[in-house]
Protein chains: 2
Amino acid sequence: MQTEFLSILKKNNLSVTESRMKILELFAQANGALAHNDIEKKSKLQFDRVTIYRTLQTFVEKGIIHTIPTADNSVLYALCKDECTQGHHNDNHVHFICDSCNVTYCLEHSNSPSVILPKGFKQNRVDVVVSGICLKCNA
Amino acid sequence: MQTEFLSILKKNNLSVTESRMKILELFAQANGALAHNDIEKKSKLQFDRVTIYRTLQTFVEKGIIHTIPTADNSVLYALCKDECTQGHHNDNHVHFICDSCNVTYCLEHSNSPSVILPKGFKQNRVDVVVSGICLKCNA
DNA sequence: ATATTTTTGCAACATTATTGCATTTTATAT
DNA sequence: ATATAAAATGCAATAATGTTGCAAAAATAT
Ligand SMILES: [Mn+2]
Ligand SMILES: [Mn+2]
Ligand SMILES: [Zn+2]
Ligand SMILES: [Zn+2]
């Protein structure tokens, strides 16, 4: 596992540092997406808040994690599993936010449906965010 | 126009106040969706920030405006054109955010495509947010 | 017109985000 | 292994954003 994180950083020409390794670990362990705040709590007193901001920003730029928009002013992040690269994300999967347990899932296997835009509109990125009740909470 | 705003407020059992009328007007005039901050700027020194927060919240609850999630920690708002009511929104249209001019459009005529969820997941709300280049910027 | 209800503004506070710079850590070259 | 260069971190200061309680003001109901 550690070696995988290491190669992710190397591959992206990023220095290997304690915070970056730790944050990658948090994402890997996480059951769903994480907000900045989650990371802050889970790594209490380990790093500065600023380091977390900068790490997340770097990871997004490099295509290591992707953002998930939510309707409540909290951006979530999750590991990219597709082939995302520097400046070009490719995570066209659906995101599901459970209204009950609040876990956010990357539904890797349900591709974003294609959207038909009016003439003259050029599409770049599509975010499909579904909210509702998840499998666990439904049972 | 004024009379329309008035009837919107009446219909929803809301007192008719200067701030509510003005904010409705801003939405009607707006070329696209507005963020809290946009409203603050456009109504400089007219009302308190807190009033804007509370007005937006009330309007969302009543189904007068709807939220549009974005990936950069800023929630946008736009007038509901469909039949939205207290506690039950019905704006299942696609939103388009132009990367160039930054205007956010409600694409009223392109319904959100239906999403196929894994077994056990129950869907409540779907947000489809497309970003790219809009008609005006493309020309 | 008066009483009641609702909304507003202010102040205080909390949370979240950004920036510059000195120090520390990591990577590179010898 | 050591010295050098490059990059990342922590800290402090500051900005931006969001929340709450309460008294004053405005709107509605009687
Ligand atoms: Mn995802
Ligand atoms: Mn809309
Ligand atoms: Zn759940
Ligand atoms: Zn545009």
Side-chain angles (χ1 to χ4, degrees), chain A residues 2-3 5-27 33-62 64-65 67-77 86 102 104, chain B residues 2-3 5-26 33-62 64-65 67-77 86 102:
Chain A
Q2 291 291 100
T3 53
F5 303 151
L6 219 128
S7 80
I8 291 176
L9 294 176
K10 294 273 169 105
K11 185 168 49 187
N12 287 284
N13 297 309
L14 292 175
S15 308
V16 177
T17 69
E18 208 189 321
S19 21
R20 285 174 180 165
M21 289 294 276
K22 176 68 179 174
I23 290 178
L24 283 178
E25 196 184 320
L26 288 178
F27 274 113
L34 298 176
H36 174 279
N37 188 260
D38 297 324
I39 296 170
E40 203 174 329
K41 280 177 198 148
K42 283 176 198 279
S43 59
K44 206 84 177 173
L45 299 180
Q46 280 204 262
F47 342 99
D48 198 85
R49 285 169 47 74
V50 179
T51 300
I52 300 177
Y53 280 114
R54 294 199 267 228
T55 302
L56 290 174
Q57 190 180 297
T58 303
F59 282 3
V60 169
E61 280 164 5
K62 293 292 187 175
I64 298 172
I65 60 178
T67 58
I68 304 164
T70 72
D72 74 330
N73 256 343
S74 73
V75 172
L76 298 174
Y77 301 88
Q86 166 92 265
N102 234 55
T104 297
Chain B
Q2 291 290 100
T3 52
F5 304 151
L6 218 126
S7 79
I8 291 177
L9 294 177
K10 294 269 168 110
K11 185 167 49 184
N12 287 283
N13 297 308
L14 292 174
S15 308
V16 177
T17 69
E18 208 190 321
S19 20
R20 286 174 179 164
M21 289 296 275
K22 177 66 179 171
I23 290 178
L24 283 177
E25 195 185 322
L26 288 177
L34 299 175
H36 173 277
N37 189 260
D38 297 324
I39 297 171
E40 204 173 328
K41 280 177 197 148
K42 282 176 199 278
S43 59
K44 206 83 177 175
L45 299 180
Q46 279 205 262
F47 341 99
D48 199 84
R49 287 165 38 73
V50 180
T51 301
I52 301 177
Y53 279 115
R54 294 198 266 226
T55 303
L56 291 174
Q57 190 181 296
T58 303
F59 283 4
V60 170
E61 281 164 5
K62 293 291 188 178
I64 298 171
I65 60 177
T67 58
I68 304 165
T70 72
D72 75 329
N73 256 345
S74 73
V75 171
L76 298 174
Y77 302 87
Q86 167 91 270
N102 234 55

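Numbered from 1 within each chain, the chains take letters A, B, ... in sequence-line order.
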Legend entry - Close side-chain approach of Phe27(A) and Ile39(A), heavy atoms under 4.5 Å: yes

Q) How about Pro69(B) and Asp72(A): do any of their side-chain heavy atoms sit closer than 4.5 Å? A) no

Open item on the list: Please tell me if Asn37(A) has a side-chain N or O lying less than 4.0 Å from either OP1 or OP2 of dT15(C).
Closed with: no

Can a side chain N or O of Thr17(B) be found less than 4.0 Å away from OP1 or OP2 on dT8(C)? yes

Nearest whole angstrom, please: distance from the [atom2] of [N] to the [atom1] of [X].
X: His36(A); N: dT18(C); atom1: NE2; atom2: C1'; value: 11 Å
X: Asn12(B); N: dT7(C); atom1: CG; atom2: C1'; value: 16 Å
X: Arg49(A); N: dT19(C); atom1: CZ; atom2: P; value: 14 Å
X: Asp48(A); N: dT25(C); atom1: CG; atom2: C1'; value: 15 Å
X: Arg20(A); N: dA27(C); atom1: CZ; atom2: P; value: 9 Å
X: Glu40(A); N: dA14(C); atom1: CD; atom2: C1'; value: 13 Å
X: Leu56(B); N: dT7(C); atom1: CG; atom2: C1'; value: 15 Å
X: Lys41(A); N: dT15(C); atom1: NZ; atom2: C1'; value: 11 Å

Axis-to-axis angle across the helix from dA1(C)-dT30(D) to dT30(C)-dA1(D), five pairs each end, nearest 10 degrees, ~ 40°

With a 4.0 Å cut-off (strictly under) to non-hydrogen atoms of chain B, the first and last hit nts on DNA chain D, 5' to 3', are dT17(D) to dT28(D)

Would you indicate what Arg54(B) reaches in the nucleic acid, counting non-hydrogen atoms under 4.0 angstrom: base, sugar-phosphate, or nothing? base

